[in-house]
Structure formats: structure tokens, C-alpha cells
Amino acid sequence: MILDQWNNLGRYAGLGKNFETAVKFLLERGMGSFATGKEAVDGERVYVSVREADLSSKPERWESHRRYADIQILLSGGEAILYAPKPGELAGAYNGEKDVEYFGSVAGLRCALKPGDFMVFLPGEPHAPDRPEGPEGYSKKMVVKVLMA
């Protein structure tokens with residue numbers, strides 16, 4: 001897991017060819033230029049989804065991926081993302097089409113994001129996104145999916 005700010009994004013281009021593609025695209029476009037929706041950057045190797053959501057304190061949903069890394073960038077509002085170095089017990093089968101598996105409750109760290117902050121989750125790293133800073137909240141967030149395998 002990586003936690004950093006937009007102005008340091010270039011540091012992570014060396015994580016692989018697809019990361020280099022993602023970082024170059026993001027820096028050329030700029031943080032304020034993304035509309036809600038999905039956009040292909042390099043086919044299914046790198047793509048971006050932007051969404052706006054009202055966040056509630058519903059139970060967290062722990063997930064990880066096997067093929068893709070996530071770069072989750074907070075564009076506006078506030079959000080906390082939970083991270084754990086080890087997964088908990090699987091809560092269902094792996095969904096290969098969506099590249100996601102879910103876990104039961106996991107003991108983890110709470111990372112509060114402000115606009116311009118981002119987190120990178122590599123395959124196999126459990127995380128629970130979309131957590132409000134308080135009982136409720138709002139976020140506009142970009143998730144960049146980067147094929148690793």
C-alpha cells in the first residue's frame with residue numbers, strides 16, 4: 001500500500017509499464033479534468049473510473065484484487081479508506097470477471113484522505129474504500145485500474 005499526494009504521483013511510474021502509462025496520463029490531464037464515468041487509457045490494461053457518492057457508516061466491505069492494482073485518488077470531499085496487511089477469511093468466491101474477492105471483518109488501519117491524496121493497492125492487498133470521515137460524508141473519487149498480471 002502507498003499513501004501519498006498528487007504532486008508526488010510521478011515517483012510511482014517505475015512500478016511497471018502499465019503504471020508508467022497511468023501516471024503519464026494522469027499528469028498530462030491534471031487532477032481537475034475528470035468527469036464522472038469510465039474512460040479507457042490503454043484498453044483493459046489501464047482505465048479510469050470517476051464517481052461521486054454519498055458515504056454512510058454502513059459496515060465496511062473488505063476487498064482485494066488478483067490482477068489489477070488500484071490507484072484511488074480523492075478529487076473532492078473527504079473519505080477514509082481502511083487497509084490491512086493480511087486478508088481475513090474469504091466471504092465468497094473470487095469474481096474473475098470483476099477481479100474482486102471479499103473478506104469478512106479485518107483488523108486494519110484507517111487512512112483519512114483529503115482532496116489530492118491517493119492510495120495505491122497492489123494485488124492481494126485488502127482494503128475497504130468508501131468510508132465516511134464521520135457518520136456521513138461525500139466524495140468524488142477516481143479509481144485507476146492498472147493491470148499487473
Side-chain angles (χ1 to χ4, degrees), residues 1-27 29 31 34 37-53 55-134 137-149:
M1 180 274 295
I2 296 168
L3 171 62
D4 209 335
Q5 297 178 329
W6 178 270
N7 59 345
N8 295 322
L9 190 59
R11 294 179 179 175
Y12 305 101
L15 291 175
K17 181 172 176 26
N18 291 339
F19 257 89
E20 182 178 356
T21 299
V23 168
K24 182 179 177 186
F25 171 79
L26 292 168
L27 292 176
R29 285 281 297 270
M31 194 174 99
F34 291 92
K38 184 176 175 180
E39 180 177 348
V41 176
D42 185 14
E44 290 298 309
R45 288 182 286 278
V46 179
Y47 60 93
V48 174
S49 295
V50 176
R51 63 107 183 111
E52 296 183 64
L55 307 175
S56 68
S57 57
K58 63 184 178 206
E60 66 252 9
R61 188 169 190 189
W62 286 89
E63 63 182 53
S64 73
H65 314 288
R66 293 184 183 180
R67 299 176 48 231
Y68 284 89
D70 280 359
I71 306 172
Q72 298 200 18
I73 305 167
L74 188 64
L75 301 174
S76 63
E79 180 178 326
I81 300 178
L82 308 177
Y83 163 75
K86 294 183 180 180
E89 188 174 318
L90 274 174
Y94 170 70
N95 182 330
E97 184 178 316
K98 293 184 177 184
D99 185 42
V100 67
E101 56 193 345
Y102 296 104
F103 299 92
S105 186
V106 177
L109 305 171
R110 181 179 180 87
C111 302
L113 303 182
K114 302 290 183 228
D117 291 343
F118 69 88
M119 294 183 80
V120 175
F121 300 100
L122 297 173
E125 293 186 324
H127 53 285
D130 304 327
R131 309 304 308 152
E133 293 180 295
Y138 160 83
S139 75
K140 181 176 181 184
K141 178 172 72 173
M142 175 182 351
V143 178
V144 183
K145 301 297 276 187
V146 181
L147 184 64
M148 300 296 286

Distance, nearest 0.5 Å, that separates [atom1] of [X] from [atom2] of [Y]:
{"X": "F121", "Y": "I71", "atom1": "CZ", "atom2": "CD1", "answer": "11.5 Å"}
{"X": "D130", "Y": "S139", "atom1": "CG", "atom2": "OG", "answer": "6.0 Å"}
{"X": "L9", "Y": "I2", "atom1": "CG", "atom2": "CD1", "answer": "10.0 Å"}
{"X": "K17", "Y": "M148", "atom1": "NZ", "atom2": "CE", "answer": "13.5 Å"}
{"X": "D117", "Y": "I81", "atom1": "CG", "atom2": "CD1", "answer": "9.5 Å"}
{"X": "L90", "Y": "E101", "atom1": "CG", "atom2": "CD", "answer": "5.5 Å"}

Any heavy-atom pair between the side chains of [Y] and [X] that's under 4.5 Å?
{"X": "R66", "Y": "Y94", "result": "yes"}
{"X": "K141", "Y": "P129", "result": "yes"}
{"X": "L75", "Y": "P115", "result": "no"}
{"X": "V120", "Y": "F19", "result": "yes"}
{"X": "Y12", "Y": "D4", "result": "yes"}
{"X": "S64", "Y": "F103", "result": "yes"}
{"X": "R61", "Y": "E63", "result": "no"}
{"X": "C111", "Y": "L82", "result": "no"}

Is it true that D99 and K145 make a salt bridge, defined as a side-chain N closer than 4.0 Å to a carboxylate O?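 So D99 does not pair with K145 through a salt bridge.
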Which of these, Q5, E133, E79, sits in a side-chain hydrogen bond (donor to acceptor under 3.5 Å, both in side chains) with K114?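 Result for side-chain hydrogen bond (donor to acceptor under 3.5 Å, both in side chains) with K114: E133.
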Can a donor-acceptor pair be found between the side chains of [X] and [Y] at a distance below 3.5 Å?
{"X": "S57", "Y": "R131", "result": "no"}
{"X": "Q72", "Y": "D70", "result": "yes"}
{"X": "N95", "Y": "Y102", "result": "no"}
{"X": "Y47", "Y": "E39", "result": "no"}
{"X": "E125", "Y": "H127", "result": "no"}

Trace of the side-chain contact (heavy atoms from CB on, under 4.5 Å) decision for S76 with E52: CA-CA 9 Å; S76 63; E52 296 183 64; 5.9 Å; no
Where is the tightest heavy-atom contact between [X] and [Y], given as atom of each residue plus distance?
{"X": "R110", "Y": "P132", "answer": "NH2-O, 2.5 Å"}
{"X": "V144", "Y": "A22", "answer": "CG1-CB, 4.0 Å"}
{"X": "L26", "Y": "I73", "answer": "CD1-CD1, 3.9 Å"}
{"X": "V46", "Y": "N18", "answer": "CG2-O, 3.5 Å"}
{"X": "W62", "Y": "G104", "answer": "CD1-O, 3.8 Å"}

Start with the C-alpha distance between Y68 and E44, add both sets of side-chain angles, then the distance that settles side-chain contact (heavy atoms from CB on, under 4.5 Å), and finish with yes or no. CA-CA 10 Å; Y68 284 89; E44 290 298 309; 3.9 Å; yes
Derivation of the side-chain contact (heavy atoms from CB on, under 4.5 Å) call for V146 and L15: CA-CA 10 Å; V146 181; L15 291 175; over 6 Å; no
Salt bridge (Lys or Arg N to Asp or Glu O under 4.0 Å) evaluation trace for K24 with D42: CA-CA 12 Å; K24 182 179 177 186; D42 185 14; over 6 Å; no
Step by step, work out the side-chain contact (heavy atoms from CB on, under 4.5 Å) result for W6 and L27. CA-CA 9 Å; W6 178 270; L27 292 176; 4.2 Å; yes
